[in-house]
Amino acid sequence: MDPKIAAEVERQLAELDRSAVDFYGRDELAGRLADALTAGRPLRVKLGMDPSAPDLHIGHTVVLHKLKIFQDLGHMPIFLVGDFTAAIGDPSGRSKTRPPLAREQIESNARTYVDQVAKILDVDRAEVRFNSEWMNAFAPADFVRLCAHGTVARLLERDDFAKRYAEGTPVFVHEFLYPFVQAYDSVALEADVELGGTDQTFNMLMGRDLQRDYGQHAQAVITHPLLVGTDGSEKMSKSLGNYVGIAEPAEEIFGKVMSVSDVALLDYVDYLGNGDWDDLLAARTAVAAGEGDAMGLKKEIARRLVARYHGRDAGSEALDRFERVVQGGEVPDDVPEHQLALEGQNGRSLLEILEQIGFVGSRGEARRMAKQGALSVDGERVEDPTRALAAGTWLIRLGKRRFARVTLRD
RNA sequence: GGAGAGGUACCGAAGCGGUCAAACGGGGCAGACUGUAAAUCUGCUGGCUAUUGCCUUCGGAGGUUCGAAUCCUCCCCUCUCCA
């Protein structure tokens with residue numbers, strides 16, 4: 001082999017190893033990479049995602065950045081939106097059946113995905129595909145033939161199914177279909193590589209088997225660590241609601257990162273830097289040893305993440321806002337304004353106002369909050385929520401984070 | 001198709017005729033504390049209401065009873081074993 005090609009293969013593989021947990025078929029891929037480089041052909045690299053929630057979160061970015069690395073190396077990223085599979089519901093890592101999504105929901109999620117991916121990947125130089133493209137053309141007989149490529153025993157070996165079966169939680173037959181479809185996607189796309197989280201290992205390996213059955217090369221599979229969510233224990237996931245969405249407003253991202261527990265923070269340094277955060281390693285080591293400035297490190301990570309998705313200035317602004325509002329207890333300068341009509345001579349009760357501006361879901365909740373000392377008007381704690389406000393403008397605060405400026409007039 | 005077990009609030013799970021708006025745990029929210037929206041501690045966690053009580057909840061529909069989440073009937077759903 002041409003030594004220049006060999007060196008390039010080594011260089012690229014080293015890049016690809018970054019932040020990977022497992023790399024199945026690495027040696028095989030080395031050969032194919034050499035061929036591809038010689039022929040000037042890019043590798044086809046698949047990353048699939050279910051449009052099961054409108055937001056992509058920072059956990060996804062670990063693997064999205066890997067896709068970006070492939071792109072930068074001159075290969076072809078394929079971002080596959082699993083619109084067909086979303087209608088099945090990925091059982092991976094789940095302790096219950098995932099509810100299937102409505103068609104419209106899937107479509108609107110899919111659209112926002114592409115926009116969000118564009119923050120990381122150059123989507124103009126990528127293939128964006130939907131698996132309904134080929135799956136909708138599947139005849140029942142095709143499906144049956146597809147399913148003949150796997151055995152029940154293998155499916156039952158899967159940790160999540162095995163657990164559920166043992167616990168007596170229902171496992172529906174359609175959930176078995178998911179890995180088959182995901183595997184077939186690799187066949188349809190003729191993928192050379194598939195990327196995913198470690199929870200996707202089974203599905204992706206099944207793609208290797210299936211591709212061989214269909215007379216193709218088996219794709220290489222690179223798995224990546226799963227980021228823990230803001231709760232610090234469960235993996236970050238859309239359905240658990242412990243995620244930091246990359247399309248969320250700057251202050252939300254900042255706040256959510258700040259609420260991550262100190263221990264989980266270490267993973268964030270390790271997995272989210274994409275090689276650019278080496279300057280944080282010293283701080284990371286110190287915090288890991290229990291003597292560093294965890295808070296400072298967390299602020300810095302929060303700032304960088306906001307900057308990554310909203311621009312450099314937004315990062316500093318979010319940091320500044322956090323220090324003033326959350327730490328300093330100041331009133332933020334972007335308090336939402338509400339205009340309410342004054343009814344009668346007595347003004348309107350706080351109960352009513354809180355409900356109207358959507359701070360509480362019920363009046364009972366407003367009463368409870370007030371009793372707990374969470375309600376204040378113009379900086380003064382109010383424990384009686386039935387108190388009425390007269391005409392004028394009032395600053396209402398509920399809890400630490402909810403502010404509103406309410407103007408009452410005729 | 002046969003035989004058992006079970007469906008309770010956001011989730012898990014007690015309760016098995018009145019004292020049940022329903023124990024307990026998780027989650028969420030709030031307060032205190034703190035370098036933090038971490039940790040920890042405390043409280044709250046169906047709706048309406050002058051905190052006085054009223055209204056709606058325990059898979060669904062009926063029924064028994066002064067009174068049902070608790071008993072009966074039918075239906076729907078899940079799990080296990082057998083076929």
Side-chain angles (χ1 to χ4, degrees), chain A residues 94-99 156 161-175 228-244 248-269 283-284 286-288 290-303 305-306 318-332 346 349-352 354-356 358-376 381-388 396-403:
Chain A
R94 293 221 112 206
S95 54
K96 305 181 158 175
T97 306
R98 188 187 287 268
L156 278 175
F161 287 145
K163 232 180 250 158
R164 280 161 63 183
Y165 197 68
E167 279 168 5
T169 322
V171 178
F172 292 87
V173 175
H174 74 278
E175 297 184 72
V228 282
T230 52
D231 56 8
S233 52
E234 301 288 334
K235 73 166 186 178
M236 183 171 288
S237 110
K238 300 173 272 204
S239 29
L240 291 174
N242 61 357
Y243 69 97
V244 182
E248 293 192 87
E251 67 208 56
E252 273 303 305
I253 295 182
F254 199 98
K256 284 186 176 182
V257 174
M258 289 310 292
S259 76
V260 166
S261 74
D262 293 357
V263 183
L265 188 67
L266 302 178
D267 279 359
Y268 283 47
V269 180
R284 184 209 181 279
V287 170
E291 51 201 28
D293 174 16
M295 160 95 150
L297 178 59
K298 207 188 285 187
K299 277 185 185 172
E300 180 55 17
I301 289 172
R303 189 191 67 74
L305 287 172
V306 171
L319 171 63
D320 182 55
R321 184 195 143 95
F322 179 84
E323 289 177 340
R324 284 187 301 113
V325 178
V326 179
Q327 297 190 287
E330 284 177 38
V331 176
N346 311 324
S349 78
L350 278 163
L351 227 41
E352 214 176 320
L354 289 171
E355 192 181 33
Q356 290 243 333
F359 273 17
V360 293
S362 71
R363 297 192 177 199
E365 190 183 342
R367 283 170 207 278
R368 270 179 248 126
M369 294 281 210
K371 198 160 54 178
Q372 293 182 119
L375 174 65
S376 75
R381 184 173 284 195
V382 177
E383 297 201 7
D384 174 18
T386 62
R387 197 171 104 185
I396 294 178
R397 175 178 189 169
L398 190 66
K400 278 196 185 87
R401 305 166 56 188
R402 276 167 289 183
F403 292 87

Exercise. Across all strands shown, which nucleotide pairs with B:C33 by Watson-Crick or G-U wobble geometry, both distances under 3.5 Å?
Worked result: none

For this session: With P as the reference atom in both, quote the distance from B:C16 to B:C72 in angstrom, rounded to an integer.
Result: 15 Å

For this session: Considering only atom C1', compute the distance from B:A21 to B:G53 and round it to an integer number of Å.
Result: 14 Å

Problem set entry | d(CG, A:D267; C1', B:A38) in whole Å | 15 Å

Problem set entry | Student check: side-chain heavy atoms of A:R387 and A:V382 closer than 4.5 Å | yes

For this session: Under 4.0 Å between any heavy atoms, over every strand shown, what does A:A294 touch: base, sugar-phosphate, or nothing? Just pick one.
Result: base

Problem set entry | Which residue lies more 5' along RNA chain B, comparing A:M295 with A:L398 via nearest heavy atoms | A:L398

For this session: State, with a plain yes or no, whether a side-chain heavy atom of A:R321 is found less than 4.5 Å away from one of A:P332.
Result: yes

Exercise. In whole angstroms, how far is the C1' atom of B:A37 from the CZ atom of A:R324?
Worked result: 16 Å

Problem set entry | Residue pair A:R402 / A:R397, side-chain heavy-atom distance below 4.5 Å | no

Exercise. For A:S237, does its backbone N or O pair with a side-chain atom of A:N242 as donor and acceptor, under 3.5 Å?
Worked result: yes

Exercise. Given atom CG of A:D231 and atom P of B:U36, what is their separation to the nearest angstrom?
Worked result: 22 Å

Seminar exercise, completed: Under a 3.5 Å limit on both distances, the Watson-Crick or wobble mate of B:G62 is B:C72

Exercise. Can you give one letter per nucleotide of nucleotides 44-52 of chain B, 5' to 3': B if a protein heavy atom sits under 4.0 Å from the base, S if only from the sugar-phosphate, - if neither?
Worked result: SS-SSBS--

Seminar exercise, completed: For B:U78, the nucleotide meeting Watson-Crick or G-U wobble distances (both under 3.5 Å) is B:A5

Problem set entry | Integer angstrom distance from the P of B:C44 to that of B:U57 | 26 Å

For this session: Please state the P separation for the pair B:A68 and B:G18 - nearest whole angstrom.
Result: 11 Å

Exercise. If we call it a pair only when both distances are under 3.5 Å in a Watson-Crick or G-U wobble match, what pairs with B:C54?
Worked result: B:G47

Exercise. Contact class for A:F322 (heavy atom, under 4.0 Å): base, sugar-phosphate, or nothing?
Worked result: base

For this session: Could you state the atom-to-atom distance from CE of A:M258 to C1' of B:U34 in whole Å?
Result: 13 Å

For this session: For A:I301 and B:G35, give me the distance from atom CD1 to atom C1', rounded to whole Å.
Result: 16 Å

Seminar exercise, completed: Scanning all shown strands, the Watson-Crick or wobble mate of B:A14 with both distances under 3.5 Å is none

Exercise. Is NZ or CZ of A:K299 both nearer than 6.0 Å to the six-membered ring centre of A:F254 and within 45° of the ring axis?
Worked result: no

Problem set entry | Taking every non-hydrogen atom, the tightest pair across A:A366 and A:L351 | CB-CD1, 3.7 Å

Problem set entry | Integer angstrom distance from the P of B:C11 to that of B:G27 | 16 Å

Problem set entry | Carboxylate-amine/guanidinium proximity below 4.0 Å for A:E251 and A:K256 | no

Problem set entry | For A:Y165 against A:V171, the heavy-atom pair lying closest together | N-CG2, 4.4 Å

Problem set entry | Residues that A:D267 engages under salt bridge (Lys or Arg N to Asp or Glu O under 4.0 Å), provided they are two or more places apart | none

Seminar exercise, completed: Between CZ of A:F403 and P of B:A30 the distance, given in whole Å, is 12 Å

For this session: Rounded to whole angstrom, note down the C1' distance from B:C20 over to B:C55.
Result: 16 Å

Problem set entry | Any donor-acceptor pair under 3.5 Å from A:E252 side chain to A:P249 backbone | no

Seminar exercise, completed: A:R401 CZ to B:A37 P, in whole Å, measures 10 Å

For this session: Let me know, please, whether A:M369 or A:D293 comes out on the 5' side of the other along RNA chain B by nearest nucleotide.
Result: A:M369

For this session: Searching all strands shown, indicate the nucleotide that pairs with B:A39 (Watson-Crick or G-U wobble; both distances under 3.5 Å).
Result: none

Problem set entry | Inter-nucleotide C1' distance (B:G31, B:A69), Å rounded | 34 Å

For this session: Rounded to whole angstrom, note down the C1' distance from B:U70 over to B:G15.
Result: 8 Å

Exercise. What is the per-nucleotide protein-contact pattern of nucleotides 77-83 of chain B, from the 5' end, where B denotes a base atom under 4.0 Å from a protein heavy atom, S denotes such proximity for sugar-phosphate atoms only, and - denotes neither?
Worked result: -SSS---

Problem set entry | Worked check of salt bridge (charged side-chain N to carboxylate O under 4.0 Å, His left out) between A:E300 and A:R303 | CA-CA 5 Å; A:E300 180 55 17; A:R303 189 191 67 74; 3.0 Å; yes

Problem set entry | Atom-pair distance (CD1 on A:I253; C1' on B:A37), nearest Å | 15 Å

